[in-house]
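Below: one structure, written as structure tokens.
Numbers here simply count residues along the sequence, with the first being 1.
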Amino acid sequence: MPHVEPGMAVGLFGGSFNPPHEGHLLVTEIALARLGLNQIWWMVTPGNPLKNHSGLAPLSERLAWSETLARDPRIKVTAFEKTLGVSYTAKTLAQVKARNPAIRFVWIMGADNLKTFDRWQNWQGIARTFPIAVVDRPGATLSYLSSKMAQRFAHARVDEDDARSLPWRRAPAWTFLHGPRSTLSSTALRAMREKKPKA
């Protein structure tokens, strides 16, 4: 895990990053600015259990791509899930919490993930481990209203104007961050790459 100092506020942004793109950077920039974070960790996963792995680039390539794209020194690219041997977010976050008791973590997720969040293993446990910041994504602005997560934890929603307080709140606590949106997606970029004629 990246080096941290006691009292830091750190965002955790997990994903396949297959490939990483400007949309990932935009979510990161919004989270850093609006939540007042000291760092944000890009947790490049070995593979999402809910996704088909047939088009998944090797972890080493996805790490290299991410490090090239993430030039802000506050962004720490890591693949410690592979080292820990875990593939489910709930277990990962439990390990992060146990190893870093003096750090204020926030789980960062794009609004597009809310549609399937209730299919994640122990999703309610995730919401009770760290506060969550949901960042707006194209086509997903209204999905958070109907998501099981938003309904189940409606009482724990923090007003967007108070987003900077999120790292210091006790979970469950979550907020929805509006802001500039990028239409880029890893799925679309992979499809474009596959359509390119081979030399």
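- A 4.5 Å side-chain heavy-atom check between Phe13 and Val27 finds at least one atom pair inside the cut-off.
- Side-chain contact of Glu81 with Thr92: a donor-acceptor pair under 3.5 Å is present, judged by distance alone.
- Between Leu59 and Lys82 the shortest side-chain heavy-atom distance falls below 4.5 Å.
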*Check against side chain to side chain contact (heavy atoms under 4.5 Å, CB included), Tyr88 and Asn122*: CA-CA 9 Å; Tyr88 290 102; Asn122 194 16; over 6 Å; no

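- In this structure, CZ on Arg119 lies 10.5 Å from NZ on Lys148, to the nearest 0.5 angstrom.
- At least one side-chain heavy atom of Leu56 sits under 4.5 Å from a side-chain heavy atom of Ser16.
- A donor and an acceptor atom, one from each side chain of Trp123 and Gln121, are nowhere located under 3.5 Å apart.
- In terms of modelled atom types and a separation under 3.5 Å, the side chain of Asp136 and the main chain of Leu177 share no donor-acceptor contact.
- Separation of atoms CZ (Arg74) and CD (Gln39) is listed at 10.5 Å; rounding is to 0.5 Å.
- Leu166 places none of its side-chain heavy atoms less than 4.5 Å from the side chain of Trp174.
- Between Trp120 and Trp107, the ring planes are perpendicular. Angles over 60° get that label, and only those under 30° would be called parallel.
- Ring pair Trp41/Phe105: centre-to-centre distance below 6.0 Å.
- Ser66 and Arg62 share no donor-acceptor pair across their side chains, judged by distance under 3.5 Å alone.
- Counting all heavy atoms, side chain and backbone alike, Asp162 lies closest to Ser165 at O-OG, 2.7 Å.
- Side-chain atoms of Asn113 do not come within 3.5 Å of backbone N or O of Met109 as any donor-acceptor pair.
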*After noting the C-alpha distance and the side-chain angles of Phe130 and Val106, does the key distance pass the side chain to side chain contact (heavy atoms under 4.5 Å, CB included) rule?*
CA-CA 6 Å; Phe130 294 135; Val106 177; over 6 Å; no

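- For the atom pair Ile132 CD1 and Ile126 CD1, the distance stands at 7.0 Å (nearest 0.5 Å).
- You'll find the side chain of Arg104 stays beyond 4.5 Å of the side chain of Arg169, heavy atoms only.
- Of the inter-residue distances, the one linking Leu12 atom CG with Met1 atom CE reads 9.0 Å to the nearest 0.5 angstrom.
- Pro131 approaches Ala171 most closely through the heavy-atom pair N-CB, 3.9 Å.
- For the atom pair CG of Leu35 and CD1 of Ile108, the computed distance is 5.0 Å after rounding to the nearest 0.5 Å.
- Under the 4.5 Å side-chain criterion, counting only non-hydrogen atoms from C-beta, Ile40 is not in contact with Val10.
- Proximity of Asp118 to Ser147: side-chain heavy atoms (C-beta onward) are nowhere separated by under 4.5 Å.
- Atom CG of Leu69 sits about 9.0 Å away from atom NE2 of His21, to the nearest 0.5 Å.
- Placement of Trp168 and Phe153 in two distinct hydrophobic clusters is found when ILVMFWY residues are connected by side-chain heavy-atom separations under 4.5 Å, directly or transitively.
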*Would Ile75 and Thr28 satisfy side chain to side chain contact (heavy atoms under 4.5 Å, CB included), going step by step from the backbone distance to the final call?*
CA-CA 8 Å; Ile75 304 173; Thr28 300; 3.7 Å; yes

*Before giving the answer on side chain to side chain contact (heavy atoms under 4.5 Å, CB included), spell out for Arg164 and Arg34 the whole-Å C-alpha distance, their side-chain angles and the decisive distance to 0.1 Å.*
CA-CA 6 Å; Arg164 284 184 85 84; Arg34 301 286 297 282; over 6 Å; no

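- Trp42 has its ring centre less than 6.0 Å from the ring centre of Phe17.
- Annotation: side chain of Val77 is in contact with side chain of Val44 (closest heavy-atom distance under 4.5 Å).
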